[in-house]
Amino acid sequence: MALESDDDLEPGVDVNRCRQCNKEEGDSKRMQCDLCDAWFHLTCSGLLSDATMNEDFYLNTMESPVKVYIYHVKKSDRGDGHKKKMAWLLRDLRTVDGKSPEKPTAEFDLLFEKVYKWMASSVEDKETFISSLWRLSHRFLIQKPDFINIPERLLEDIKDPHMLREKSQSVDDISIEGEDYQALSAKEESDLELLMSECQVAISNAEVFTEQLSKQLSVLDGANIHSIMGSEDQVLNLMRLLDDGIREAEQIENKLDSYDNILASVKEQMEVMRDKDTLLTVRNSNHQRLLEELENLQKKLDLDLKYMQALMDGDLTTSQGIKECTEAAQALYQCMNADIHPSLCKLGAVEEQQKYFKKLLASFSKRLIHHLNNLFIHHGNEMGETLSRYAGDIRMPQHNLIHRELVIYADLMLWLKKVDEPVFHELSSVYMGSIKKLYTREISDFMESAKQKLVTAKDSKGKLGASTLPRLTGSSTSLTKIEARGCSGSSHSVDSSGLKYGSELDIAMRSIFDQVLEKVLSELERVCIAEQDFCFKFFHLIDKNQPSEENPHKESGPHGEVASEAESEVWVAKQTYSTADEYITENLGEGLMQKRPTVTNRMRQINDQVREMMAKLFPLLEDELDNFLTHADRQDGMYSMYMLVRMSQHVINNQDMSSYLSKTFGNCLIKVKRNFDKYIETMMQAVKETKVSKKTRCGIISFVHNFEDFANLAEAIFRGSDRHADLDKAYTKLVGVVFEQIDRVANEHQKTPKEVVLMENFHRLFSTLSHLKNACLENDRKVAKKRYIDSLNAYTVNLLGRPLEKLHIFFEGVEARKSAGVKYEEVGYQLAFSKQELRKVIKEYPGKEVKKNLEHLNKKVEKQLCEEENLIQVVWHEMQKLFIKEYKYYDDMMCRCYPDSNITLDFTIDDVLQYFSDIAQAH
């Protein structure tokens, strides 16, 4: 163990000597302090002997301030010194475990941040090391480590201060003057330095300096004694004054004791008075709190006399009376549901008042239920507005007056829902049962009127005749937006002018049907939404936080009437259902997809209530609407396209409300989609069953005409609609069938060449598909174009054939000789292909003869091609190109086989072009 200190070595001390024994190196091993560079023998440290040279740990301390380190050292390579490997502060030591207090063992553990296991060279070295740790920890540490499993004899040395002082002096030469050691102040240090400077031998001879200090101290003691003896009189006077002060203090003490005796009885009396005052304060506080509680109870259970009068005799037929009854009912509800402590509810007065409130509640609710029940039955049994009022228009009666008359009872219905929910539901059932009869009769009459409108229009148009039918230009009907509902959609017009898919009567009837269908759907939507919004408010399906008074700002309705309160608050219900930002896609079947807003469980519950109530109010709505659509579909399958677009629009317009009407329209939309698919299947079957007359030329087949008319009309109907995808699928099916049937007719027709049938019909089909500009038909358009061009080329080649047949045969022989190995220059030397033979062949085709043959060919083309498609000029131009190509071939062969012979045809290319031009202009 080496002592490390911040103090410098004394002057004149040899640093190579042992700081402990002041001897030179000798035979003993040494170690050097890291801070002061002093050397110590290991034996002089007192901790380890020479026999412990192989130990791996040492203790190392330093002073000012004292810090004790534990070093793990490693023997150097030269063998004389050691190197530090690890170091720990003694204060970080937590536990010293000696393994066993009874069984001698050289093993022990030191716990710092973790456990380190050690093995001493002997038991004695282990005990010496642990004993040193014990002493040092008690000397320098406030919080000492735990020593466990260590013999008591190693831990008892610290109890003897004398032994501790001797051992510490022998071990590390550290003297401890006392636990209250204080460092010298700056003034004390300066005085000490001055004193030592006056004595020249203070440093070299401490004994002389000590004797000098003793003499000076004796002189000072004598001076002090003489000073004390000179002030003896003053001391006697001071003693007398102290005695007088003591006597006065005794007198004051006696007075204070008497005062204490007097105050002792007063204290007891004050404590009694304080207890009485506390009891009075508690009693007064309790009385005050009881009074406040009774006043509060009285306020909560006190029902104003005017409210009692209104509940017993209030008028439920006037607006003022209903308002008074509503206020009274709400006040009664607050009294009956006041927040009262359960113990107060047992008071006789409270129980009596609650019984009176219950009787008053039963009386008023019975009177209210009876009045509303009669009112519902009355409105259900009255005939209401008849359709005769709207003789010139298709329109359902309005129920604004009924809603306005009933909506003022909305707050009373809410009150009834709170106090007696079963009775509230029974009353709701009475309303639905009564109003159901009214709506059933009105919807049935309305649908019958719509059907009659279609029949009447057809009869009147038929009697007038096709010549008197007006030309339907512009927008006779539009796929309207319901602006009041904030619904988006296409507002295009179905313009039937110029479309010949059917007779002019059929075209006019389709326009009328579109108007009637839109009117039917709009009227049903208006009536259902008005009733639904009324139910929202009257039966309080949602909390709208809207006042029950009528809206003072009335707006004019679409037909001039003042909008009712229910109509003016349509947006409230829609706003409640349109707060969701995310939508889900619902599969309705038949390839129909519908987007609906995501709803919470509470919204879903409200939706279910609304649908259930609306289903009871309009039990035959879906059936009546389905019958009307079926009736229309039977009249004309083309109506299914109008129905598909209109129904889809109205489903979208109502989907954000999640209403009963949206579901009803959705179900009808599925059936309309089925009718549309059936109509497309019928068209496909009609194309397959088409028969073409074989006695006349074919021309454009009827189903190609029909597809063109169908596509033009369908595009006008579906323009801007979200159902255009259904039309695209129908296009794909129809075009595929048309392609197949064109091939069938071309193969079966005997009067017209196959290539002509294919050319004319695929040309018309290509024009139709190009005009549609539909991306889904782009591939079919390319196929139609290719089929048309192929047919045109085939027809031209077959018709033109070999216009100069003998000349063609001659040069075929030349090509044969060339194939046999004869060069082109040597062909003229063959007898059969000499120049004379070639001139003979050329003489047979003078220009006039060629022109005559071309005129005959043109007449044949005119006879085979129809004028409707106007492809004669196209074919004639194609034949001209082919003829010129043949001419250039003959001319080239003559130049190659008969060079410098000046043999040419009787006509030139310019003559050929003039022949074709003259023939085309002549016809």
Side-chain angles (χ1 to χ4, degrees), residues 311 314-319 321-323 325-326 328-330 332-333 360-385 396-445 527-544 548 564-566 569 573 605-623 659-661 664:
L311 292 173
D315 188 3
L316 293 174
T317 59
T318 63
S319 299
I322 293 172
K323 182 178 179 181
C325 290
T326 301
Q330 292 174 350
L332 177 62
Y333 179 79
L360 197 60
L361 171 67
S363 174
F364 176 71
S365 61
K366 182 178 180 181
R367 191 161 64 91
L368 175 63
I369 293 168
H370 183 265
H371 176 75
L372 291 177
N373 188 74
N374 292 339
L375 196 60
F376 294 159
I377 295 175
H378 169 70
H379 286 305
N381 290 334
E382 68 179 3
M383 292 300 295
E385 297 175 330
M396 285 193 66
Q398 296 185 356
H399 299 285
N400 298 342
L401 297 178
I402 297 178
H403 292 165
R404 189 180 296 115
E405 182 179 351
L406 293 179
V407 78
I408 57 179
Y409 296 97
D411 291 334
L412 287 176
M413 289 294 292
L414 177 61
W415 173 83
L416 187 61
K417 184 178 182 179
K418 293 178 180 178
V419 299
D420 197 347
E421 190 168 357
V423 174
F424 169 80
H425 290 303
E426 291 180 4
L427 200 59
S428 302
S429 301
V430 173
Y431 171 80
M432 290 183 288
S434 301
I435 302 300
K436 175 183 67 174
K437 296 184 293 184
L438 180 63
Y439 279 127
T440 301
R441 180 173 61 252
E442 289 178 352
I443 291 176
S444 178
D445 294 342
V527 171
C528 290
I529 291 178
E531 184 62 33
Q532 176 175 296
D533 293 333
F534 169 76
C535 291
F536 267 122
K537 183 171 185 179
F538 187 73
F539 295 103
H540 294 275
L541 300 178
I542 55 175
D543 296 329
K544 297 197 275 186
S548 60
S564 67
E565 184 177 7
E569 293 185 357
Q605 183 179 1
I606 293 174
N607 294 342
D608 294 340
Q609 295 177 3
V610 172
R611 290 194 184 101
E612 182 181 358
M613 182 172 291
M614 295 295 290
K616 292 179 180 179
L617 287 170
F618 300 93
L620 300 180
L621 175 60
E622 184 174 344
D623 294 338
S659 64
Y660 163 78
L661 189 61
T664 301

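Computed from a predicted structure; not experimentally measured.
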Look up atom [atom1] in [X] and atom [atom2] in [Y], then write down how far apart they are to the nearest 0.5 Å.
X    : Y    : atom1 : atom2 : value
Q330 : L332 : CD    : CG    : 11.0 Å
M413 : S428 : CE    : OG    : 4.5 Å
F539 : M613 : CZ    : CE    : 5.0 Å
I377 : L372 : CD1   : CG    : 11.0 Å
S434 : L617 : OG    : CG    : 10.0 Å
Q532 : C535 : CD    : SG    : 8.0 Å

For the residue pair [X] and [Y], establish whether any side-chain heavy-atom pair is separated by less than 4.5 Å.
X    : Y    : result
F376 : L427 : yes
T326 : W415 : no
T664 : M614 : no
R404 : L401 : yes
L406 : I402 : yes

Q. Is the NE2 atom of H425 crowded by more than 12 outside heavy atoms at less than 6.0 Å?
A. yes

Q) So, S365 side chain and A362 main chain: donor-acceptor pair closer than 3.5 Å or not? A) yes

Q: Check whether any side-chain N or O of R611 sits under 3.5 Å from a backbone N or O of L661 as a donor-acceptor pair, and report yes or no.
A: no

Q: For Y439, check ring-ring contact (aromatic ring centres under 6.0 Å, His included) against everything at least two apart and list the hits.
A: H399, F618

Q: Using ring-ring contact (aromatic ring centres under 6.0 Å, His included) as the criterion, list what pairs up with Y409, not counting sequence neighbours.
A: H371

Return the minimal non-hydrogen interatomic distance between [X] and [Y], and the atom names on each side.
X    : Y    : answer
A329 : F364 : CB-CE2, 3.9 Å
D315 : T317 : OD1-OG1, 2.6 Å
A410 : K537 : CB-O, 3.9 Å
V407 : F534 : N-CE1, 4.0 Å
L316 : C325 : CD2-SG, 3.8 Å
C528 : L621 : SG-CD2, 3.6 Å

Considering residues at least two apart in sequence or located in another chain, which fulfil the side chain to side chain contact (heavy atoms under 4.5 Å, CB included) criterion with [X]?
X    : result
E405 : L375, H379
A328 : Y307, A310, L311
K437 : N381
T440 : K436, P619, L620

Q.
Parallel, tilted or perpendicular: which one describes the rings of Y431 and F538, with boundaries at 30° and 60°?
A. tilted

Q. N373: what forms a side chain to side chain donor-acceptor pair (under 3.5 Å) with it, not counting sequence neighbours?
A. none

(Q) Suppose we screen for side chain to side chain donor-acceptor pair (under 3.5 Å). Which residues come up paired with K417, at least two apart in sequence or across chains? (A) none

Q) Does a side chain donor of either N374 or H378 reach within less than 3.5 Å of an acceptor in the other side chain? A) no

Q. With K616, which residues qualify under salt bridge (charged side-chain N to carboxylate O under 4.0 Å, His left out), at least two apart?
A. E612

